Amino acid sequence: MKVKRILSGLLAVAMVFSLTACSGIMEPKKNDGKKTVGIAMPTKTLERWNRDGAYLKKKFEDAGYNVELTYSDNKIDQQVKDIESLIADDVNLLLVATIDGESMTQVLRDAKDMGIPVIAYDRLIRESDAIDYYVSFDNYKVGQMQGQFVIDKFGLDLKDKSKSYNIEFTAGDPADNNATYFFNGAYDTLKPYLDAGILKVPSKQTKFDQVATKAWDTATAMTRFQNILGSNYSKGKQLDAVVCSNDATALGVLQAIDSDYAGDNKVLLTGHEANLAKIVDGKQTMTIYKTSANEAEVAIDVGKAILNGEKPDADLIKKANWDFSCKYDTKTYDNGKKVVPSYLLTPVVVTKDNLQKELIDTGYYKLDKKGYPKNAN
Ligand code: BGC
């Protein structure tokens with residue numbers, strides 16, 4: 001192990017130049033005696049990952065650690081390389097929001113061999129026994145809340161079959177472990193109403209693989225939905241709701257509805273994240289809001305405990321005294337190699353009606369002159 005560390009130290013020195021030269025995103029490890037946290041984020045193209053990365057970096061630095069932060073442009077190979085570099089740089093802790101839940105096995109085996117603890121951030125990393133903890137929102141619950149929203153909004157009642165609604169689904173990236181949890185949470189919640197014929201899916205696309213959106217890409221979601229509208233709704237059939245797993249996909253569906261839907265009813269559109277302007281405009285009906293600052297807060301406290309040589313468990317929640325809810329779960333997230341102990345936060349439903357209370361009054365956002373929320377930090 002020691003020899004490996006020395007070798008990797010040498011490798012790190014050699015790599016410093018190539019790294020800073022090629023990606024420009026990592027600074028060389030400082031030789032100041034402080035411990036270093038390596039953070040691997042997926043992409044800068046979605047606002048949330050920029051927020052998460054910046055917040056994690058700042059808070060770890062405030063707590064006295066050095067931080068090396070990488071973004072991998074949603075490219076799996078790039079993220080593997082970035083993590084290899086962090087390992088070679090001898091970081092003391094790795095925090096990874098993975099692009100592909102199944103492609104990290106080898107690189108994280110190296111981390112484990114080097115004694116570097118790993119926290120899977122937001123997305124579970126599969127097929128690896130190197131993952132020490134998982135910090136995320138309750139992903140299944142995100143989907144359940146979307147499904148329940150549809151039920152409540154339409155006032156669905158299993159005993160009343162006099163009215164039916166047409167609904168479609170759009171899910172996320174098959175490579176992202178979260179995506180099936182979001183979809184299953186929503187689908188399972190709505191299934192009794194689908195089985196009863198109260199909800200109908202004219203496209204018949206109800207399996208995750210049929211409704212998934214590679215890389216959560218907005219344009220891909222749009223094209224698929226234009227096809228759905230063209231094939232199923234062109235003859236005046238009314239579309240009542242689309243359950244979209246996140247806001248990037250909801251945006252694509254919205255674009256398709258704007259351009260290709262002939263009906264004039266307001267389509268109920270779910271999402272999750274931060275299409276807040278679309279919520280204010282009434283174009284997207286709801287979003288499941290995940291306060292990533294809170295998610296980062298939990299990851300930081302778990303990370304600090306690990307770096308202090310502790311073995312965090314449910315007690316961490318008691319000690320931390322956070323002003324948001326978080327549960328410790330040792331049963332749900334089996335990654336194929338182990339059940340990963342998880343800290344799961346609870347998201348909130350945000351609509352036009354409670355946006356002020358949930359996001360502005362809480363200080364997460366400010367309203368700009370036009371009345372749209374903008375980041376308060
Ligand atoms: C995250 C979502 C995000 C999506 C696309 C998911 O794993 O949980 O918050 O919208 O990835 O980046």
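A quick note: this is a predicted structure, and the numbers were derived from the prediction, not measured. Start at 1 and go down the list; that is how both ligands and their atoms are numbered.
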Checklist outcome for this item: Within 4.0 Å of some non-hydrogen atom of His272, the atoms of ligand 1 are 2 (C), 9 (O)
Item to check | Protein contact to atom 11 (O) of ligand 1 [nearest heavy atom, distance to 0.1 Å] | outcome: Arg123 NH2, 2.8 Å
Next on the checklist: Quick check on Lys338: does its NZ atom have over 12 non-hydrogen neighbours (other residues, nucleotides or ligands) under 6.0 Å away?
Outcome noted: yes
Checklist outcome for this item: So for Phe137 against ligand 1, with non-hydrogen atoms under 4.0 Å, the contacting part is neither
Checklist entry - At the 4.0 Å heavy-atom cut-off, does Phe182 count as touching ligand 1? => result yes
Checklist entry - Pick from Leu254, Val267, Val150, Asn166: which one makes a side chain to side chain contact (heavy atoms under 4.5 Å, CB included) with Val242? => result Val267
Item to check | Per-atom contacts of ligand 1 with Asn246, taking only distances under 4.0 Å to non-hydrogen atoms | outcome: 3 (C), 4 (C), 5 (C), 10 (O)
Next on the checklist: If hydrophobic clusters are built by linking Ile, Leu, Val, Met, Phe, Trp and Tyr wherever their side-chain heavy atoms come under 4.5 Å apart, do Val348 and Val142 end up in the same one?
Outcome noted: no
Checklist entry - Do the side-chain N and O atoms of Thr346 and Ser325 include a donor-acceptor pair separated by under 3.5 angstrom? => result yes
Checklist entry - What atoms in ligand 1 come closer than 4.0 Å to a heavy atom of Asp176? => result 6 (C), 7 (O), 11 (O)
Next on the checklist: For ligand 1, which is the ligand I care about here, please tell me if Asn178 has any N or O atom under 3.5 Å from one of the ligand's N or O atoms.
Outcome noted: yes
Checklist outcome for this item: min-distance protein heavy atom vs atom 1 (C) of ligand 1 -> Asp122 OD2, 3.2 Å
Checklist entry - Are Asp247 and Lys278 ion-paired here, with the side-chain N under 4.0 Å from a carboxylate O? => result no
Next on the checklist: Side chains of Thr170 and Arg224: any donor to acceptor distance under 3.5 Å?
Outcome noted: yes
Checklist entry - Looking at Trp216, which atoms of ligand 1 are within less than 4.0 Å of one of its heavy atoms? => result 4 (C), 5 (C), 6 (C), 11 (O)
Item to check | Per-atom contacts of ligand 1 with Arg48, taking only distances under 4.0 Å to non-hydrogen atoms | outcome: 1 (C), 2 (C), 8 (O), 9 (O)
Item to check | Per-atom contacts of ligand 1 with Glu273, taking only distances under 4.0 Å to non-hydrogen atoms | outcome: 2 (C), 3 (C), 9 (O), 10 (O)
Item to check | Ligand-side contact atoms (ligand 1) for residue partner Lys290, heavy atom cut-off under 4.0 Å | outcome: 1 (C), 2 (C), 8 (O), 9 (O)
Next on the checklist: Assess the residue pair Tyr134 and Tyr343 against the criterion (ring pair (Phe, Tyr, Trp, His ring centres under 6.0 Å)); give the C-alpha distance rounded to whole Å, side-chain angles, the decisive distance to 0.1 Å, and a yes or no.
Outcome noted: CA-CA 6 Å; Tyr134 177 44; Tyr343 290 88; over 10 Å; no
Checklist entry - So, do Phe182 and His272 have ring centers that fall under 6.0 Å from each other? => result yes
